[in-house]
Amino acid sequence: MARHLITSALPYINGIKHLGNMVGSMLPADVYARYLRQRGHDVLYICATDEHGTPAELAAKEQGLPVDEFCAQAHDAQKAVYDGFALAFDYFGRSSSPQNVEITQHFARKLNENGFIEERAIRQVYSPTDGRFLPDRYVEGTCPHCGYDKARGDQCENCTRVLDPTDLINPRSAISGSTDLEVRETKHLFLLQSKLQHEVEAWVARHEDDWPQLASSIARKWLNEGLHDRAITRDLDWGVPVPADTWPDLAAEGKVFYVWFDAPIEYIGATKEWSDEDPENRDWKSWWYEADDTVRYTEFMAKDNVPFHTVMFPATELGVREPWKKVDYVKAFNWLTYYGGKFSTSQKRGVFTDHALEILPADYWRYFLIANAPESDDSSFTWEHFTATVNKDLADTLGNFVNRVLSFSKKRFGEEVPAGGEPGAAEAALGEEIARLLAEYEQQMEALQFRKAAAALRALWSAGNSYLEEKAPWLEIKTDKDAAALTLRTAMNLIHLYSVVSEPFIPATSAAMRQAFSLTGDDATWVSADEAKSLSSVPAGTPFTVPPVLFAKLTDDDLAAYKERFGGETAA
């Protein structure tokens, strides 16, 4: 089987993330990783908190904590939420790790040796009030492109255009709010992306036809506009230090690397963190170095991260002139909106992941988000849509099927799977239909088409309900007890099948369904087409229990309470 390296965009350290961040990177990566593991592939799913740059310093300042202490606490808080969502990372690291410092500095030295880094004197915003140069995110103002008045000095959150602080209209310090700003000369390191333009274009050309249109179009747009040399250092107290053995003057001034230079390198750094925990059994370089022919690398991210992963980081990797693994497939997502407005960490707008888990267990959110993933276009979260999806798909289609099959069988046949007669035409037709739908599900999962995969999974669940309605064991039992037993045994085999193939979407619920049956040696990781057709993995005589209600239906009172707490109007 293939070796699959999977990464999702690193969540910023400055606070708990919202549902849009979850569905745009980490959750679909987890679903895909779980699926590949079930199919027998060797999978390494790596993520980490992105801890450098202005957001960390500003958030730490707001809480009155040293930045390193803030980052340590925030990392643990984020990890707890991701554990709550059952994200099965192989390793969840930190970009402030010694491993990332080491590898980032190595990349910088190699780029410098190869002529792709240049020290330049630039004019930069300085705040006399704050007594310091202001890095990009320390400057806020009005975007010159769209007029958004809370744009940051590196990128406009509203229109996603990349900016320099000097581009902003009516700029102000994000620290003090002072508009008394000056422009002074200072020195920084620049990555000469312009010299790598043709190499990046050739690399993108080899991959873009395989990527989703969203990813390839964004990469092509950046390349068509031309790659510009970009400063990769900042005047911050927190970050990967510029190595003194290569740039002693800048190191003495306390320069650190720009967060967007070191953050993608942390994918490698976090893999080394993982490896260093068990060096005798884990080899980080086998995943990243000279691994083009042995590893399939898939990245997951929202569209605002695409330029950095399809252009800037590949330029860095190409420029070091070493055989580092580059991404094979970029799964890019549009945005999940909240009633038509953007989720926003900085403005605390929308449902945040910790609050989501306070309301309902993770599987409710996992299924809804993936079934409505913003793949081809932005999609909107509304409480009405969420409630309807939970009630129809999870509570009625899956949960009610499981409960009524097991409850009815226990009531009429006891706590063991009934035997019944031999399967007939209805069971043969059901097996063919289940095998067909399973193949569709597999095809969509392999293609990373998550909404279509969710639709195929939902169709699998619906097939069980259709069979049950057709056979009507509550009527069969009045005239033919063996026929009713056969129907229930077949339905129980469907429940077991659902417990296996639903695991990437709803792992806790899948475990509860599987644990309902006391099957000896039940270690199946997937269901073959033949097994799907025969529906015979749970034989007669197998003890079973009726699990608690898998999914509670949400009421009008629940809906009203959610809207009162989080709002239900279009965000401004």
Side-chain angles (χ1 to χ4, degrees), residues 363-364 367 388-438 456-502 506 509-519 522 527 531-555:
D363 281 1
Y364 289 73
Y367 176 79
T389 300
V390 167
N391 288 348
K392 180 181 178 183
D393 294 359
L394 297 179
D396 287 345
T397 303
L398 178 62
N400 187 49
F401 174 79
V402 173
N403 182 264
R404 64 176 176 161
V405 166
L406 296 181
S407 296
F408 185 75
S409 188
K410 179 181 178 181
K411 179 179 179 181
R412 294 305 185 102
F413 293 97
E415 296 182 344
E416 291 184 352
V417 175
E422 290 298 314
E427 287 70 37
L430 174 65
E432 292 291 338
E433 176 71 356
I434 291 297
R436 183 188 67 79
L437 292 171
L438 181 60
L457 181 61
R458 185 188 312 120
L460 277 166
W461 299 342
S462 295
N465 284 277
S466 297
Y467 170 74
L468 206 62
E469 292 300 319
E470 176 190 350
K471 294 297 293 294
W474 49 89
L475 298 178
E476 285 181 312
I477 200 165
K478 297 177 181 179
T479 58
D480 189 340
K481 191 172 183 180
D482 280 349
L486 168 65
T487 299
L488 292 170
R489 174 163 55 86
T490 303
M492 290 186 192
N493 273 279
L494 275 176
I495 293 171
H496 185 266
L497 181 145
Y498 296 160
S499 77
V500 177
V501 302
S502 304
I506 47 173
T509 306
S510 292
M513 287 191 286
R514 182 176 286 210
Q515 290 163 9
F517 302 100
S518 300
L519 274 175
D522 182 18
V527 180
E531 290 169 334
K533 289 179 182 178
S534 66
L535 291 170
S536 59
S537 58
V538 183
T542 301
F544 72 89
T545 57
V546 181
V549 173
L550 298 181
F551 294 100
K553 293 196 74 167
L554 304 181
T555 66

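- Listed by chain and residue number, L457, W461, Y498, I506, S510 satisfy the side-chain contact (heavy atoms from CB on, under 4.5 Å) test with S502 (two or more places apart in sequence, or in another chain).
- Across L438 and A532, no two heavy atoms sit closer than the pair CD2-CB, 4.1 Å.
- In summary, E422 and R489 do not engage in a salt bridge, as defined by a charged side-chain N under 4.0 Å from a carboxylate O.
- The minimum heavy-atom distance linking W474 with E469 is given by the pair CH2-OE2, 3.9 Å.
- The two residues M492 and V538 make their nearest non-hydrogen contact at O-CG2, 4.5 Å.
- Side-chain atoms of E476 and T487 include a donor-acceptor pair closer than 3.5 Å.
- Among residues two or more places apart in sequence or in another chain, the salt bridge (Lys or Arg N to Asp or Glu O under 4.0 Å) test is passed with D522 by R514.
- Among all heavy-atom pairs drawn from P418 and A540, the shortest one is O-CB, 3.8 Å.
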**Message:** side chain to side chain contact (heavy atoms under 4.5 Å, CB included) for T545 and F517? Distances and angles first, verdict last.
**Reply:** CA-CA 7 Å; T545 57; F517 302 100; over 6 Å; no
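- Taking all atoms of both residues into account, the shortest heavy-atom contact from L406 to P547 is CD1-CD, 3.6 Å.
- For E427 against T490, the heavy-atom pair with the smallest separation is CG-OG1, 3.6 Å.
- N465 has its side chain within reach of R404: a pair of non-hydrogen atoms, C-beta onward, lies under 4.5 Å apart.
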